[in-house]
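Remember, predicted model here, so these are calculated numbers, not experimental data.
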Amino acid sequence: TRRIIPNCLLAASGFVLLMLAIMGGRVVAALVGAAVLVVIALISVAVGGFGMGDLKYLGVVGLGLGPVAGLLALFLAALAAVVWRLPLALRKGAKATFAFGPFIAVGSVMAPLIVLAVAGR
């Protein structure tokens with residue numbers, strides 16, 4: 001399988017989210033969210049964790065969710081990945097690789113719902 005997150009989708013999504021942030025007056029929160037997640041992803045890329053697609057995907061997620069929900073999305077993605085992949089990793093060894101993009105999608109859907117539930121809205 002090809003584990004590719006298409007750049008055209010990330011660029012289009014990032015552009016739309018940036019325009020929405022500008023129109024909503026929350027550019028700083030959007031850019032901080034993107035920057036925080038990109039820095040974390042860059043560290044992971046440097047040690048052989050995330051791929052470049054994951055890095056760009058997390059930037060777009062941070063742009064859309066902001067820093068708090070963006071970090072929660074990353075945490076939930078990592079938690080989902082561990083729960084889903086741990087049995088396979090134990091069977092095949094620690095070197096079992098997998099696509100993290102679907103887990104980022106799960107985390108980025110769940111995080112705003114949790115933030116809204118906690119905020120009581």
For residues 60-79, please give each side-chain donor-acceptor pair under 3.5 Å, one per line with the distance, not counting sequence neighbours.
none

Contacts table for residues 4-14: side-chain donor-acceptor under 3.5 angstrom, sequence neighbours left out:
| unit_1 | atom_1 | unit_2 | atom_2 | d |
| --- | --- | --- | --- | --- |
| N7 | OD1 | K56 | NZ | 2.5 |
| S13 | OG | L9 | O | 2.8 |

Could you pull out all donor-acceptor pairs under 3.5 Å where a side-chain atom in residues 39-54 meets a protein atom, sequence neighbours excluded?
| unit_1 | atom_1 | unit_2 | atom_2 | d |
| --- | --- | --- | --- | --- |
| S44 | OG | F50 | N | 2.9 |
| D54 | OD2 | G51 | N | 3.2 |

Side-chain polar contacts of residues 102-112 - donor-acceptor pairs under 3.5 angstrom, sequence neighbours left out - could you list them?
| unit_1 | atom_1 | unit_2 | atom_2 | d |
| --- | --- | --- | --- | --- |
| S108 | OG | I104 | O | 3.1 |
| S108 | OG | A105 | O | 3.0 |

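I22 is connected to V28 through a chain of hydrophobic side-chain contacts under 4.5 Å among Ile, Leu, Val, Met, Phe, Trp and Tyr, so both are in one cluster. If you chain together hydrophobic residues whose side chains sit under 4.5 Å apart, F15 and V38 fall into the same group.
In this view, M23 and L20 satisfy the side chain to side chain contact (heavy atoms under 4.5 Å, CB included) rule, not counting sequence neighbours.
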